[in-house]
Amino acid sequence: MARLDKVISPYFNETAKNLIGQKITVQTSDKIVQQGILRHVLPQYIVLEIGQVPFFIHTEQIIWLSLDGPNNF
């Protein structure tokens with residue numbers, strides 16, 4: 001049986017790379033919402049630092065992400 005991988009948009013990765021070092025909020029497909037500092041953006045996953053602990057989130061599981069900050073609504 002052939003495995004069909006979800007295609008990740010290169011636009012997502014390039015946009016997310018602009019947020020490295022910023023505090024972001026991410027919701028995954030299992031409805032978990034995480035907040036932390038975005039440390040790395042790689043083709044298959046992002047690294048979110050939460051309380052000085054790295055969390056690896058598979059890019060294909062991300063539903064949305066948002067930049068946290070005083071000017072965001």
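Residues take their numbers from the sequence shown, with the count starting at 1.
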Would you compute the distance between atom [atom1] of [X] and atom [atom2] of [Y] and round it to the nearest 0.5 angstrom?
{"X": "Arg39", "Y": "Gln22", "atom1": "CZ", "atom2": "CD", "result": "10.0 Å"}
{"X": "Ile63", "Y": "Ile32", "atom1": "CD1", "atom2": "CD1", "result": "11.5 Å"}
{"X": "Thr28", "Y": "Phe55", "atom1": "OG1", "atom2": "CZ", "result": "12.0 Å"}

Between [X] and [Y], is there shared hydrophobic-cluster membership here, with clusters defined by ILVMFWY side-chain heavy atoms closer than 4.5 Å?
{"X": "Ile50", "Y": "Ile20", "result": "yes"}
{"X": "Ile24", "Y": "Val53", "result": "yes"}
{"X": "Leu48", "Y": "Phe12", "result": "yes"}

inquiry  = Quick check: do Leu65 and Leu38 have side-chain heavy atoms less than 4.5 Å from each other?
reply    =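 Heavy-atom side-chain distance check fails, nothing below 4.5 Å.
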
query = Checking side chain to side chain contact (heavy atoms under 4.5 Å, CB included) for the pair Tyr45/Ile57: CA distance, chi angles, key distance, verdict?
reply = CA-CA 5 Å; Tyr45 59 90; Ile57 301 173; 5.8 Å; no

Heavy atoms only: give me the nearest [X]-[Y] pair and the separation to one decimal.
{"X": "Ile46", "Y": "Ile62", "answer": "CD1-CD1, 3.8 Å"}
{"X": "Lys23", "Y": "Leu67", "answer": "O-CD1, 3.6 Å"}
{"X": "Pro54", "Y": "Val47", "answer": "CB-CG1, 3.9 Å"}

request  = For Gln35 and Thr25, test the side chains for any donor-to-acceptor distance below 3.5 angstrom and give the result as yes or no.
outcome  =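 Yes, a side-chain donor-acceptor pair sits under 3.5 Å.
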
